[in-house]
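Okay, so here's the structure we're looking at.
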Amino acid sequence: MTVIAQIDSDFAFAGLDTPAASAGAAADVARVAAAPADPLGALAALEGTWKGHGFNTIWRPHHPASPQDRFLELNLTDETLVFTKVNGPIPNRGLAMPDISMFGLTYMQQIKETSGGAGLHIEPGIWATVPQTTDPNEPPTVVRMASIPHGTVVLAQGVSEVHPGGPQNISDNNILPFFFGNPPPANSDFNSVAQTFTELDLSIQTQFRVASPGVTQDMVKNPNSVLQKALQTSLQGTTMKSRTFLHVSTTHTIVKAGGGTANTAFLATSGNPPGGNANAVQVDATFWIETIAGTGGQPDKHQLQYTQLVMLDFNGIHWPHVTVATLQKQ
């Protein structure tokens, strides 16, 4: 597949509005040129093309709602994720404090269903660094700005860390629905929740579920098990030299302000039933960029793993939409 550049190679940000702003932008460029470290920080490891496989789970609303309101889709996936560096500092004009500069990469994500090749998801967006600020008082962060053509845009902000060695811990997760006002169920609640939401039990035949060939019950119980298994396979006979950890959220648990989701009227309209047609209200995503030692004279391998939760609301229930993948740098 031919990859088309997302931005022109000669495009670079620069301030244009006032002499002072232009001087400030020029000074930013000079500082970046003189700095020994990449201003992208931990995000620098993302640049390039990544390809691999994963698992996508989504509860879809079902119309008409009788005899039930949901349909469960379980897909094994093929994925391509391309990151392109944005040249120059991205200026953010300040009033309560001096201007700041962000540095970033554009990206394009494409996900297909493995067995039939049906397109499931495309997502253009930007990852960027945000320096420490005084007003608001926030530490250095990273931000992911995403546009999903189903009718949702996402701004998720969070932290980046680089660690030697590994492997990291990839915790369990689940796709168990829960009613508004209730806490999320734990993985240990799977059997009891599946008595109500029987689509979770692959041994029960239903017209309200579709699954790719190869989807297993263990994957449905814990989508992150796909990542855990892939990581074990990658480390057979070798070691992880380093790992970069990126975690972003729209929930304001990492930064005090900023971020969130926005949906088209069709998705977000409230009323009867409550929650809209399929309102994306929350996004949490964790990425691990792993450097795995080469063996037998081969170069090191760079691997990207991620797990993402999008909470979809409809008919008074929170429906977890989880996507995971393991990708190799090309």
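Quick note: residue numbers are just sequence positions, from 1.
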Next on the checklist: Are Ile111 and Asp78 packed together at the side-chain level, in the sense that at least one heavy-atom pair is separated by less than 4.5 angstrom?
Outcome noted: no
Next on the checklist: For the backbone of Gln328 and the side chain of Gln330, can you confirm whether one donor and one acceptor N or O come within less than 3.5 Å of each other?
Outcome noted: yes
Checklist entry - If you measure from CD on Gln282 to NE2 on His252, what distance do you get to the nearest 0.5 Å? => result 11.0 Å
Item to check | Spacing of Leu105 atom CG and Phe83 atom CZ [to the nearest 0.5 Å] | outcome: 7.5 Å
Checklist entry - Are Met145 and Val153 connected in a single hydrophobic cluster, I mean Ile/Leu/Val/Met/Phe/Trp/Tyr linked by side-chain heavy atoms less than 4.5 Å apart? => result no
Next on the checklist: Run the side-chain contact (heavy atoms from CB on, under 4.5 Å) test on Val142 and Val248 for me, step by step, so that the C-alpha distance in whole Å, both residues' side-chain angles and the decisive distance to 0.1 Å come before the verdict.
Outcome noted: CA-CA 8 Å; Val142 293; Val248 292; 4.0 Å; yes
Checklist entry - Looking just at side-chain N and O atoms, do Asn56 and Thr77 make a donor-acceptor pair shorter than 3.5 Å? => result no
Checklist entry - Does any donor atom in the side chain of Ser225 or Asp218 lie under 3.5 Å from an acceptor atom in the other side chain? => result no
Next on the checklist: Just to verify, which of Gln110, Lys112, Glu73, Glu79 counts as forming a side chain to side chain contact (heavy atoms under 4.5 Å, CB included) with Leu120?
Outcome noted: Glu73
Next on the checklist: Could you check whether Asp284 and Ser249, counting side-chain N and O atoms only, form a donor-acceptor pair closer than 3.5 Å?
Outcome noted: yes
Next on the checklist: Less than 3.5 Å apart, any donor N or O on the side chain of Asp201 or Ser203 sitting next to an acceptor on the other?
Outcome noted: yes
Next on the checklist: Donor-acceptor check, side chain of Ser242 to backbone of Gly165, threshold 3.5 angstrom: yes or no?
Outcome noted: no
Next on the checklist: Are Phe197 and Met311 linked, directly or through intermediate hydrophobic residues, by side-chain heavy-atom contacts shorter than 4.5 Å (ILVMFWY only)?
Outcome noted: yes
Next on the checklist: I'd like to know if the side chain of Arg144 reaches the main chain of Ala156, judged simply by a donor and an acceptor atom lying under 3.5 Å from each other, with no hydrogens or angles considered.
Outcome noted: no
Checklist entry - Looking only at atom types and distance, does a side-chain atom of Thr129 sit under 3.5 Å from a main-chain N or O of Leu40, one as donor and one as acceptor? => result no
Checklist outcome for this item: His247 and Ala285 have their tightest heavy-atom pair at ND1-O, 3.2 Å
Checklist entry - How long is the gap from CG on Leu202 to CD on Gln217, to the nearest 0.5 Å? => result 4.0 Å
Item to check | Under 3.5 Å donor-acceptor, Thr152 side chain and Ala280 backbone | outcome: no
Next on the checklist: If we ignore hydrogens and angles and just use 3.5 Å, is the side chain of Trp319 paired with the main-chain N or O of Ile317 as donor and acceptor?
Outcome noted: yes
Checklist entry - Does Val281 share a hydrophobic cluster with Phe266, counting links as ILVMFWY side-chain heavy atoms below 4.5 Å and allowing steps through other members? => result no
Checklist entry - Is His318 reaching over with its side chain to a backbone N or O of Phe179, donor-acceptor style, under 3.5 angstrom? => result no
Item to check | Distance-minimising heavy-atom pair for Ala293 and Thr238 | outcome: O-OG1, 2.6 Å
Checklist entry - So Phe103 and Trp127, ring pair (Phe, Tyr, Trp, His ring centres under 6.0 Å) or not? Walk me through it. => result CA-CA 8 Å; Phe103 295 87; Trp127 278 86; over 10 Å; no
Next on the checklist: A quick test of your reading: do over 12 heavy atoms of other residues, nucleotides or ligands sit less than 6.0 Å from CD1 of Ile204?
Outcome noted: yes
Show me, pair by pair, the donor-acceptor contacts under 3.5 angstrom made by side chains of residues 184-191, not counting sequence neighbours?
residue: Asn187; atom: OD1; partner: Asn174; partner atom: ND2; Å: 3.0
residue: Asn187; atom: ND2; partner: Asn173; partner atom: O; Å: 2.8
residue: Asp189; atom: OD2; partner: Ala186; partner atom: N; Å: 2.9

Item to check | Ile148 and Val154: CA distance, side-chain angles, deciding distance, side-chain contact (heavy atoms from CB on, under 4.5 Å) verdict | outcome: CA-CA 8 Å; Ile148 294 88; Val154 173; 4.0 Å; yes
Checklist entry - In Å, rounded to the nearest 0.5 Å, how long is the span from NE2 of His163 to CD of Glu161? => result 4.0 Å
Next on the checklist: Do Thr57 and Asn75 make a side-chain contact, defined as non-hydrogen atoms from C-beta onward lying under 4.5 Å apart?
Outcome noted: no
Checklist entry - How close do Gly294 and Asp300 get, heavy atom to heavy atom, and via which atoms? => result N-OD1, 3.0 Å
Item to check | Flag, side chain of Asn92 to backbone of Ser101, donor-acceptor distance under 3.5 Å | outcome: no
Next on the checklist: Keeping Asp172 on the side-chain end and Asn222 on the backbone end, is there a donor-acceptor pair under 3.5 Å?
Outcome noted: no
Next on the checklist: What's the separation between atom OG1 in Thr307 and atom CD in Gln228, rounded to the nearest 0.5 Å?
Outcome noted: 9.5 Å
Item to check | Evaluation steps, side-chain contact (heavy atoms from CB on, under 4.5 Å), between Leu231 and Met240 | outcome: CA-CA 10 Å; Leu231 184 58; Met240 185 178 295; 3.7 Å; yes
Checklist entry - Does a side chain donor of either Lys241 or Thr291 reach within less than 3.5 Å of an acceptor in the other side chain? => result no
Next on the checklist: Quick one, Leu200 with Leu176, criterion side-chain contact (heavy atoms from CB on, under 4.5 Å). Give me CA distance, side-chain angles, the key distance, then yes/no.
Outcome noted: CA-CA 8 Å; Leu200 291 163; Leu176 303 179; 3.6 Å; yes
Checklist entry - Hey, are the side chains of Asn224 and Val324 touching, using non-hydrogen atoms and a 4.5 Å cut-off? => result yes
Next on the checklist: To check you understand the geometry: which heavy-atom pair defines the closest contact between Thr250 and Leu155, and what is its length?
Outcome noted: CG2-O, 3.5 Å
Checklist entry - So, for Trp288 and Glu290, which heavy atoms are closest and what is the spacing to 0.1 Å? => result CB-OE2, 3.7 Å
Next on the checklist: Consider side chain to side chain contact (heavy atoms under 4.5 Å, CB included). Of Leu227, Leu304, Thr233, which one does Thr326 pass it with?
Outcome noted: Leu227
Checklist entry - Would you say the ring centroid of Trp59 lies under 6.0 angstrom from that of Phe71? => result no
Item to check | Non-hydrogen side-chain atoms of Gln305 and Ile170 separated by less than 4.5 Å | outcome: yes
Next on the checklist: To the closest 0.5 Å, what do you measure between NE2 (His302) and CG (Leu327)?
Outcome noted: 14.5 Å
Checklist entry - Hey, is the main chain of Pro164 close enough, under 3.5 Å, to the side chain of Arg243 for a donor-acceptor pair? => result yes
Next on the checklist: Side chains of Gln303 and Ser234 only: does a donor on one sit below 3.5 Å from an acceptor on the other?
Outcome noted: yes
Checklist entry - If we only count heavy atoms from C-beta on, is the Ser115 to Leu76 side-chain gap below 4.5 Å? => result no
Checklist entry - Would a 4.5 Å heavy-atom cut-off, applied to side chains only, mark Ser160 and Leu246 as touching? => result yes
Checklist entry - Does a donor on one side chain sit under 3.5 Å from an acceptor on the other, for Gln157 and Thr141? => result yes
Checklist entry - So which of Thr264, Thr261, Asn263 actually passes side-chain hydrogen bond (donor to acceptor under 3.5 Å, both in side chains) with Asn279? => result Asn263
Next on the checklist: Using the rule that Ile, Leu, Val, Met, Phe, Trp and Tyr join whenever any side-chain heavy atoms are under 4.5 Å apart, tell me whether Val210 and Leu74 fall into a single cluster.
Outcome noted: no
Item to check | Pairs satisfying ring-ring contact (aromatic ring centres under 6.0 Å, His included), at least one member in residues 208-229, at least two apart | outcome: His62-Phe208
Next on the checklist: Taking atom CZ as the centre, does Phe180 end up with more than 12 heavy-atom neighbours from other residues, nucleotides or ligands that are less than 6.0 angstrom away?
Outcome noted: yes
Checklist entry - How close do Pro213 and Glu113 get, heavy atom to heavy atom, and via which atoms? => result CD-OE2, 4.5 Å
Item to check | Side-chain heavy-atom pair Asp38, Lys85 within 4.5 angstrom cut-off | outcome: yes
Checklist entry - Is there side-chain contact between Val130 and Ile100, with at least one heavy-atom pair below 4.5 Å? => result yes
Checklist entry - When clusters are formed by joining ILVMFWY residues with side-chain heavy atoms under 4.5 Å apart, either directly or through shared neighbours, do Leu267 and Val283 land in the same one? => result no
